[in-house]
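Take a look at the structure set out below.
Just so it is clear: chains get the letters A, B, ... in the order the sequence lines come, proteins before strands, and each one is counted from 1. What you see is a predicted model; the values in this text were computed from it and never measured.
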Amino acid sequence: MPSAPEEGQSTALARNAVDCLPEGALAEKLDAARKDGRRLRVKLGIDPTAPDIHLGHAVVLGKLREFQDAGHLVVLIVGDSTAQVGDPSGRSTLRPMLSLQEIEANAQTFQDQALRILDPDPERLEVRRNSEWLGLGMTEVLRLMRTTTVAQMLERDDFAKRWSQAQPISMLELMYPLLQGYDSVAVRADLELGGTDQKFNLLLGRDIQRAYGQPEQAIMTMPILVGVDGRQKMSKSLGNHIGITDSPEEMYGKTLSIPDEAMGDYYRLLLHREPPTELGPRDAKRLLARELVGWLHSPEQAQAAEAHFDRVFVEREAPEQIEEASVQAGRDGMVHLPDVMAQALGISRSEARRLIEQGGVSLDEIPLSAGELDVAVDRAQGAVLKVGKRRFRRLRVS
RNA sequence: GGCGGGGUUCCCGAGCGGUCAAAGGGGACGCGCUGUAAACGCGUUGGCUCUGCCUUCGCAGGUUCGAAUCCUGCCCCCGCCA
């Protein structure tokens, strides 16, 4: 049995985790590592299938950071090779194929963004690409494939579900968990983290390590964070994400838009504490938004973001900083608004017309009426164009 | 290899010769309301030189006064059997 300090440490490190398996394995590993005077190698693999990291990733990255702060080494694997395969976890259909260029670009931003949360100290962080070792020859691939049976693969839920519903499962998808397991072999992981949807893959990594004569990693799964819709998991493709590089204003506003019920999860998983009971939901959420912006940007920017939000959405005034849009006057000395909006906002002229039609556009606080598509130069010059609730442009007639 | 089912607007999905820029849902956007970029309600959701015109229903041809709807060929996807 591990001694008390590791027991305590492992409990602390496993906080918020859904699974930490096998039972007691983490404490044992911490204990053994301490005795040998070495650090644990804590693995996380992320496939650069989308260009940005969001708060969902931040849950797991934050946990990794705790391991770093406890003196361990995080091995961050940017899955540039596996991204070409596509993780079938939680998927009901085959992922689309990404081009190498896209993957490379994503890989770079991923790495940069992850460092906003992780400690970059080389003693604490090792960043690897799995293309370093996944250029396997056929012999090696066959050896890898021999470690696992079809029955084992079909045990996993998403495959089982698809299988029973006679949905397709591609060979490529079957291959994915094996490659992820091979990553664990390549970096000799002591522990691998992931979301709960990764449980199968993480556990399979153990079997593969064993087959390669390595000690098996422990695994830890973290809860999946819901997106700003409060229903589905946070994901870029569902458009319900808060990116960790979102601007302070955007991050603040998106946070306030999460349903009250989701607040607890955000507090626990991202800020590692219970939501304040002494505050009402409104203030608790405002505090949450400030803290998140403070964490990923800075406390000063958090204050500014809140002030901006109050000004624009509570007081309904124009923000202090407004982007300029230079516009041309027509031959008749009028400014054609659909044109201006199309150019400045990247929408179609038809859409711009519709917005005006529906009373969604105002010029210096005065709503435009339906059909008011052209405006005199004097009125446009220097005026603030407001489209919807949150898009502002100061017009500069040239 | 054989048999069968499909490819529709951002997504899912109806339509199966005119009344179709195409039902319904989701999402997004706008307005109202609100502590909120929430919830709820109403509305909008191909483009444009906008009471009309142009382009869209896998691709290419064809039939027809008229095609998302019928025919031919091609491409792609799915299932079953082997």
Side-chain angles (χ1 to χ4, degrees), chain A residues 55 91-97 162-173 226-243 246-266 275-276 279-290 292-293 305-319 328 330-332 334-343 345-362 365-374 385-392:
Chain A
L55 292 184
R91 283 249 158 187
S92 54
T93 50
L94 184 63
R95 284 177 185 272
M97 185 110 165
R162 285 206 238 166
W163 183 256
S164 69
Q165 293 175 357
Q167 295 284 311
I169 300 169
S170 87
M171 293 298 288
L172 196 63
E173 293 176 289
V226 293
V228 296
D229 56 7
R231 306 173 152 303
Q232 294 180 277
K233 75 171 205 173
M234 184 175 284
S235 116
K236 175 118 179 164
S237 53
L238 292 173
N240 62 359
H241 69 297
I242 300 178
D246 278 355
S247 71
E249 291 77 25
E250 221 171 324
M251 199 177 278
Y252 187 93
K254 283 185 184 174
T255 303
L256 278 198
S257 80
I258 65 175
D260 292 355
E261 310 79 68
M263 236 196 298
D265 278 352
Y266 277 63
L279 297 179
R282 182 185 74 118
D283 292 318
K285 208 186 285 177
R286 285 169 68 92
L287 177 63
L288 170 67
R290 277 202 305 280
L292 289 177
V293 177
E306 181 160 274
H308 173 269
F309 186 88
D310 286 343
R311 191 181 160 92
V312 175
F313 298 107
V314 180
E315 312 297 332
R316 291 174 180 276
E317 284 174 29
Q328 316 278 318
R331 335 89 237 161
D332 53 358
M334 300 288 274
V335 172
H336 191 56
L337 263 7
D339 249 343
V340 175
M341 290 162 65
Q343 212 173 349
L345 273 13
I347 59 180
S348 74
R349 286 155 216 263
S350 296
E351 191 177 350
R353 277 165 179 276
R354 269 184 240 119
L355 287 167
I356 294 173
E357 206 73 31
Q358 295 175 74
V361 182
S362 66
E365 314 272 305
I366 304 164
L368 293 163
S369 46
E372 206 173 354
L373 303 178
D374 296 277
L385 176 75
K386 181 183 184 189
V387 180
K389 284 183 197 163
R390 31 191 306 233
R391 286 176 288 187
F392 296 89

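The pairing partner recorded for B:C80 is B:G2, the criterion being a Watson-Crick or G-U wobble arrangement whose two distances lie under 3.5 angstrom. Across the strands present, B:U63 finds no partner; the criterion is a Watson-Crick or G-U wobble pair with both atom distances under 3.5 angstrom. B:A23 is unpaired under the criterion used here, namely a Watson-Crick or G-U wobble arrangement in which both key atom distances are under 3.5 Å. Remark: B:U9 base-pairs with no nucleotide; criterion is Watson-Crick or G-U wobble with both hydrogen-bond distances under 3.5 Å. Remark: B:G43 base-pairs with B:C29; criterion is Watson-Crick or G-U wobble with both hydrogen-bond distances under 3.5 Å. Using Watson-Crick or G-U wobble geometry with both donor-acceptor distances under 3.5 Å, B:C74 finds its partner in B:G58.
Using atom C1' as the reference point in both B:A68 and B:A21, the two lie 11 Å apart (nearest Å). Rounded to a whole angstrom, the distance from the C1' atom of B:G66 to that of B:G18 is 6 Å. Atom name C1', nucleotides B:G79 and B:U64: the rounded distance is 36 Å, in whole Å. Comparing B:C53 with B:U19, their P atoms are spaced 14 Å from each other, to the whole Å. Between B:U9 and B:C80, the distance separating the two C1' atoms is 32 Å to the nearest Å. Separating the P atom of B:A67 from that of B:G17 is a span of 14 Å, rounded to the nearest Å. Atom name C1', nucleotides B:C57 and B:G13: the rounded distance is 13 Å, in whole Å. Going from the C1' atom of B:G47 to that of B:C42 covers 26 Å, rounded to whole Å.
For A:Arg311, the salt bridge (charged side-chain N to carboxylate O under 4.0 Å, His left out) criterion is met by A:Glu317, A:Glu320, not counting sequence neighbours. With sequence neighbours excluded, the residues forming a salt bridge (charged side-chain N to carboxylate O under 4.0 Å, His left out) with A:Glu372 are A:Arg379, listed by chain and number. Remark: A:His336 pairs with A:Asp374 by the side-chain hydrogen bond (donor to acceptor under 3.5 Å, both in side chains) rule, at least two apart or across chains. Checked against ring-ring contact (aromatic ring centres under 6.0 Å, His included), A:Phe309 has the following partners two or more places apart in sequence or in another chain: A:Tyr252, A:Phe313. For A:Glu306, the salt bridge (charged side-chain N to carboxylate O under 4.0 Å, His left out) partners two or more places apart in sequence, or in a different chain, are A:Arg286, A:Arg290.
Within 4.0 Å of A:Arg391, counting heavy atoms only, lie sugar-phosphate atoms of the nucleic acid but no base atom.
B:U36 atom P lies 13 Å from atom CD of A:Glu306, rounded to whole Å. Following rounding to the nearest Å, A:Ile356 (CD1) and B:C29 (P) show an atom-to-atom distance of 19 Å. Atoms CG (A:Asp283) and P (B:U36) sit 12 Å apart, rounded to a whole Å.
Among residue pairs with one or both ends in residues 351-362 of chain A, none qualify as salt bridge (charged side-chain N to carboxylate O under 4.0 Å, His left out); sequence neighbours excluded.
The shortest side-chain heavy-atom distance between A:Ile242 and A:Leu292 does not fall under the 4.5 Å cut-off. Contact check for A:Val228 versus A:Asn240: side-chain heavy atoms found under the 4.5 Å cut-off.
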Base, backbone or nothing for each nucleotide of nucleotides 43-50 of chain B, written B, S, -, heavy atoms under 4.0 angstrom, 5' to 3'?
BSS-SBSB
At a cut-off of 3.5 Å, list every protein nitrogen or oxygen paired with a nitrogen or oxygen from nucleotides 37-41 of chain B, distance to 0.1 Å.
residue, atom, partner, partner atom, Å
B:A37, O2', A:Ser257, OG, 3.2
B:A37, N6, A:Glu249, O, 3.2
B:A37, N1, A:Arg390, NH2, 2.6
B:A37, N3, A:Arg390, NH1, 3.3

Pairs under 3.5 angstrom only: tabulate donor-acceptor contacts from the side chains of residues 255-263 of chain A to other protein residues two or more places apart or in another chain.
residue, atom, partner, partner atom, Å
A:Thr255, OG1, A:Met251, O, 2.6
A:Ser257, OG, A:Lys254, O, 2.8
A:Asp260, OD1, A:Lys285, NZ, 2.6

Taking it one step at a time, do A:Arg231 and A:Val226 satisfy side-chain contact (heavy atoms from CB on, under 4.5 Å)?
CA-CA 6 Å; A:Arg231 306 173 152 303; A:Val226 293; over 6 Å; no
